[in-house]
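Report on one structure; see the data block that follows.
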Amino acid sequence: MVRVSTCCAKAAAFRAVILGAPASGKGTISSRIVKEFGLSHISSGDKLRFHVANLTELGKQVKKHLDSGNLVPDEIMISLICKEIESLNNNNWLLDGFPRTLPQAKQLQSVQPVNLVINLVVPISVILDRVKSRWVHLPSGRVYNIGFNDPKVPGKDDETGEPLCQRPDDKPEVVEKRLQDYTTKTESVINYYREVGVLKDFKGNTTNELWPLVKTCLSSFI
Ligand code: G5P
Ligand code: MG
């Protein structure tokens, strides 16, 4: 097991995780949760892409994993996310994209036991359609989809006006690899949280269908 300092354990009021296959809408639903409930949001993928774009040592180390659609090693991820949690000024938070493997989930549970795991269950055919039209603002992680949540000006971020780009790991062959990894590696995480008794499944084809269900569930906790 990967060793993590227990100094990141804080008296948290509400700790949540959002799980779901690539492009199932974790980021989109997370932004609604942040707006509605004021949780701090940590997206592991956004943090990694930020390091890659800024050519940090960590970015150089993880770029090959992201570009190929492979998971970044557990030790790197656990250290990164624990530091991010430590740096928050908010005891109510939501992790998006972490944990993704059983060692990550067990380690997190030992230092920061989560109260709720939101598991988005969206059909693969819907996901494959979505990734083709996804555009992102890398510095903020804001995400758009042509025909669903278009930017006000095509190709530009709504808040900064900076250019949007497509993620290198949204190429069809890389998406396929990410979906495979999700099925093989993250299934154990889902089973683990189900056994712990904190997992709630949300099934549907669109974010607008899932959001009211997620909102009602969160309202019973916060
Ligand atoms: P990420 O960044 O965590 P994924 O693969 O888990 O990547 P992704 O792709 O970020 O997840 P999402 O957040 O679930 O998807 O979905 P989203 O961005 O909100 O929505 C997808 C698109 O659909 C968007 O364009 C959105 O606008 C649109 N959309 C949403 N709802 C609807 C709808 O109802 N209708 C329509 N038409 N469109 C909609 O991880 C990336 C990589 O980082 C590494 C790995 O290499 C990974 O591959 N990584 C880790 N490695 C190891 N361990 C970890 N814990 C790691 N975390 C990240
Ligand atoms: Mg995301």
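Whatever order the structure lists them in is the order used to number ligands and atoms, beginning at 1. Heavy-atom basis, side chains included; hydrogens, waters and symmetry copies ignored.
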Going by the order shown, which atoms of ligand 1 are within less than 4.0 Å of some heavy atom of [X]?
X: L48; result: 43 (O), 44 (C), 49 (N), 58 (C)
X: M77; result: 52 (C), 53 (N), 54 (C), 55 (N), 56 (C), 57 (N)
X: N149; result: 27 (O)
X: D169; result: 41 (C)
X: F98; result: 55 (N)
X: T207; result: 30 (C), 31 (N), 32 (C), 33 (C), 34 (O)
X: T206; result: 34 (O)
X: Q104; result: 52 (C), 53 (N), 54 (C), 55 (N)

Nearest atoms (heavy-atom pairs only) where L80 meets H51: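 The answer is CD1-NE2, 4.1 Å.
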Show the nearest heavy-atom pair for residues I190 and Y182, with the distance to one decimal. CD1-OH, 3.8 Å
Check T207, I18, I29 against V214 for a side-chain contact (heavy atoms from CB on, under 4.5 Å) and give me the one that passes.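 The residue from T207, I18, I29 that satisfies side-chain contact (heavy atoms from CB on, under 4.5 Å) with V214 turns out to be I29.
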[atom] [closest protein heavy-atom partner, distance rounded to 0.1 Å]:
atom: atom 6 (O) of ligand 1; result: R100 NH2, 2.5 Å
atom: atom 8 (P) of ligand 1; result: R134 NH1, 3.4 Å
atom: atom 15 (O) of ligand 1; result: A23 N, 2.8 Å
atom: atom 12 (P) of ligand 1; result: K26 N, 3.5 Å
atom: atom 32 (C) of ligand 1; result: F148 CE2, 3.3 Å
atom: atom 46 (O) of ligand 1; result: N70 O, 2.6 Å
atom: atom 23 (O) of ligand 1; result: R130 CD, 3.2 Å
atom: atom 57 (N) of ligand 1; result: S44 OG, 2.7 Å

Tell me which one of [options] gets a heavy atom nearest to [atom].
atom: atom 54 (C) of ligand 1; options: G27, G25, G97, S133; value: G97
atom: atom 20 (O) of ligand 1; options: T28, N208, L19, L95; value: T28
atom: atom 48 (O) of ligand 1; options: Q166, K177, R142, R178; value: R178
atom: atom 52 (C) of ligand 1; options: I29, V72, V122; value: V72

Does some non-hydrogen atom of R167 fall short of 4.0 Å from ligand 1?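 Per 4.0 Å heavy-atom rule, R167 contacts ligand 1.
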Check if A21 has a non-hydrogen atom at a distance under 4.0 Å from any atom of ligand 1. yes
Does a side-chain N-to-carboxylate-O contact under 4.0 Å join [X] and [Y]?
X: K83; Y: E86; result: no
X: E162; Y: K156; result: no
X: D201; Y: R194; result: yes

Compute whether any side-chain donor of one residue and acceptor of the other, for D157 and T160, lie under 3.5 angstrom apart.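 T160 and D157 do have a side-chain donor-acceptor pair below 3.5 Å.
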Distance only, no hydrogens: is a donor on one side chain within 3.5 Å (strictly under) of an acceptor on the other, for K200 and N119? no
List the steps, then state whether side chain to side chain donor-acceptor pair (under 3.5 Å) holds for N70 with S68. CA-CA 6 Å; N70 283 305; S68 59; 2.9 Å; yes
Could I get the full list of side chain to side chain donor-acceptor pair (under 3.5 Å) partners for Y193, not counting sequence neighbours?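 By the side chain to side chain donor-acceptor pair (under 3.5 Å) rule, Y193 matches no residue at all.
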Checking contacts here: is it the side chain or the backbone of R49 that comes within 4.0 Å of ligand 1, counting heavy atoms only? Could be both or neither. side chain
Please work out whether any backbone atom (N, CA, C, O) or any side-chain heavy atom from C-beta onward of W135 is under 4.0 Å from ligand 1, and answer side chain, backbone, both or neither.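 Neither part.
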Classify the ring geometry of F14 against F221: parallel below 30°, tilted from 30° to 60°, perpendicular beyond 60°. tilted
Using the rule salt bridge (charged side-chain N to carboxylate O under 4.0 Å, His left out), only one of R49, K132, R134 pairs with D170; which is it?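 Filter result, single survivor: R134.
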Are the side chain of R130 and the backbone N or O of S24 linked by a donor-acceptor pair below 3.5 Å?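 Side chain of R130 to backbone of S24: a pair is present.
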Would a 4.5 Å heavy-atom cut-off, applied to side chains only, mark R15 and W93 as touching? yes
For S43 and ligand 1, does the shortest N/O to N/O distance drop below 3.5 Å?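 There is no such contact.
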Does ligand 1 come near enough to N145 that some N or O of the ligand is less than 3.5 Å from an N or O of the residue?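 Such a contact does occur with ligand 1.
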Count the heavy atoms of every other residue, nucleotide or ligand shown that sit under 6.0 Å from CD of E187, and state whether that count exceeds 12.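 For E187, atom CD is not crowded (no more than 12 foreign heavy atoms under 6.0 Å).
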